Amino acid sequence: MALITKKIKGTEDVLPKESYRWQFIENVMREESGKFGFKEIRTPVFEHTELFARGVGQTTDVVQKEMYTFDTKGGESVTLRPEGTAGAARAVLEHALENEGLPIKASYFVSCYRYEKPQAGRLREFHQFGLEEYGTQSPVADAELICAAQSIFDRLQIQQLRLEINSIGCPECRAEYHKALKEYFEGYKDELCDTCLSRLEKNPMRILDCKSPICSKIAEGAPKITDYLCEECEEHFKSVQRYLDSAGVKYTVNPTIVRGLDYYTKTVFEFVTDCIGAQGTVCGGGRYDGLIEELGGKHLPSLGFAMGLERLLMVMDKQGIEIPDFSECNLYIATMGESAKEKAFELAMTLRESSMTVETDVVGRGLRAQMKYADKIGAKYSMVLGDNELEQKKAVIKNMNSGKQTTVRLDENFLEDFIIMETTDEDSSDIALGLQKDE
Ligand code: ATP
Ligand code: MG
């Protein structure tokens, strides 16, 4: 039979057997960001196109080349979100959250859509976790934001992730810098790619972010923004570094980082790894003091970051970091005969009410096939119910790993017997098997 269609190029399915990996990292992100006071915001997957055009910036690659934009039946132009910041900022403004006290701290999990060339670490639908903070100019907020990202990576035990930071100044100090950049790049007009030639007029800093090898080679010799910072930006940047130092967060200053959004100001940062090939940026963020005004709000200095979940999982995979699977089946109840089936159905419900994962045959298989299934799903214990067991109101529970057997009562004592069996079994195996328990 031929499938009528397959998944769209650049998209991925997360299958039941691997979703625990996503849930694990998502939980860590929720917990760690929660410690810093961030609460989740959920916004629509599509927005009016102008939100991204303004919020992400007309001269960015994302807006110029990568957006999934279409007209609705009502004739409106809408776009699938290419990132999470613009939608969160729009929601904050629309609900006037600034009136409820500052700063506003929001976290998000979003699927993003960018029409890019699919390759390892670069998809057309991908997922981000991000933090947004509105209503603070203070360098403490910048440092805290970076610390929040760092603590997520620490909890996930990720190694060899470099934190690179930079300051790209404010509109005032940047005017000088743009002039210097223009002068420099004008000397390479014949070599720059077409996109960069147009950037030269509109936003020369974008050239520093170009992925073409020729442009990035030329960019290496360009004037550095850090030499053009005004006093305030310079002091802000130094202060961020002092806070990072006091938190023991290691970083390097990389003056070539400019980030892909147009409205970044002052602090920008990236967490980069070399272990997953060319697409090594796992997390990017910084300050965007002009964004809220750009979207029609009042001046509300803001900052945030986004991390790519697919890339993060690739890093963990590459580094052999084991992710615990909490979805393990506590008990598989195999049945022989209709009455046993009914009893198993009832017992399974009893254990589930006490938060245990229990499965029983729902296919109508023979005993051998049921046991094979129990093995396949990695059930910790199994129990066989037949006429004999029902008659005696007792059954044997088997530890699928050690083979150890324990008899339990099938009456109102079943739950208690099961719990006692499980705890004593765990205790004794702790002593007998030592560390093997975690294997
Ligand atoms: P890159 O330089 O890799 O294109 P970017 O600057 O476009 O990244 P951001 O817009 O800052 O990326 O997005 C934040 C994070 O989202 C990235 O650091 C990366 O981990 C992830 N990401 C971005 N684009 C993709 C994509 N097409 N596929 C998978 N993950 C992505
Ligand atoms: Mg990109």
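For ligands, and for the atoms within them, numbers begin at 1 and follow the listed sequence. All values below come from the heavy atoms of this structure, side chains included, with hydrogens, waters and symmetry mates left out. Every value quoted in this text rests on a predicted model; they were computed, and no experiment measured them.
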Q | Within residues 29-77 or reaching into it, pairs that qualify as ring-ring contact (aromatic ring centres under 6.0 Å, His included) - sequence neighbours excluded | A | Tyr68-Tyr115

Q) Taking heavy atoms and a distance under 4.0 Å, where does Glu310 meet ligand 1: side chain, backbone, both or neither? A) neither

(Q) Tell me if a side-chain donor or acceptor on Arg124 pairs with a main-chain N or O of Pro118 at a distance below 3.5 Å. (A) no

Q.
Check for me whether His127 has a heavy atom closer than 4.0 Å to any atom of ligand 1.
A. no

Q) Does Arg122 have a heavy atom less than 4.0 Å from any atom of ligand 1? A) yes

Q.
Under 4.0 Å, heavy-atom basis, I'd like to know which part of Glu116 is in contact with ligand 1: side chain, backbone, both or neither.
A. side chain

Q: Check Cys112 against ligand 1 and report side chain, backbone, both or neither, counting heavy atoms closer than 4.0 Å.
A: neither

Q: Using a strict 4.0 Å cut-off to heavy atoms of Gly308, name the atoms of ligand 1 that fall inside it.
A: 15 (C), 16 (O), 20 (O), 21 (C)

**Q.** Within reach of ligand 1, part of Glu83 (heavy-atom separation under 4.0 Å)
**A.** neither

Q) How long is the gap from CD1 on Ile207 to SG on Cys196, to the nearest 0.5 Å? A) 5.0 Å

**Q.** Within-4.5 Å side-chain heavy-atom neighbours: Val315 and Cys275
**A.** yes

Q. For atom 29 (C) of ligand 1, which of Gly121, Ala306, Pro82 has the closest heavy atom?
A. Gly121

Q. Under 6.0 Å from the CD1 atom of Ile214, do we count more than 12 heavy atoms belonging to anything else shown?
A. no

**Q.** Heteroatom proximity flag, Val282 to ligand 1, N/O under 3.5 Å
**A.** yes

Q | Residues Thr85 and Glu132: side-chain donor-acceptor under 3.5 angstrom | A | yes

Q. With only distance considered, is Arg114 within less than 3.5 Å of ligand 1 through an N or O on each side?
A. yes

(Q) So for Arg124, does at least one of its heavy atoms come nearer than 4.0 angstrom to any atom of ligand 1? (A) no

Q | Side-chain (Glu133) to main-chain (Leu131) donor-acceptor, under 3.5 angstrom | A | no

Q. Taking only heavy atoms of Arg259, which atoms of ligand 1 are found under 4.0 Å from at least one of them?
A. 6 (O), 9 (P), 11 (O)

Q: Could you tell me whether Lys6 atom NZ has more than 12 heavy atoms of other residues or ligands within 6.0 Å of it?
A: no

Q: Would you check the N or O atoms of Phe126, main chain and side chain alike, for any that come under 3.5 Å of an N or O of ligand 1?
A: no

Q: Not counting sequence neighbours, list each pair that qualifies as a ring-ring contact (aromatic ring centres under 6.0 Å, His included) and has a residue in residues 200-245.
A: Tyr177-Tyr228

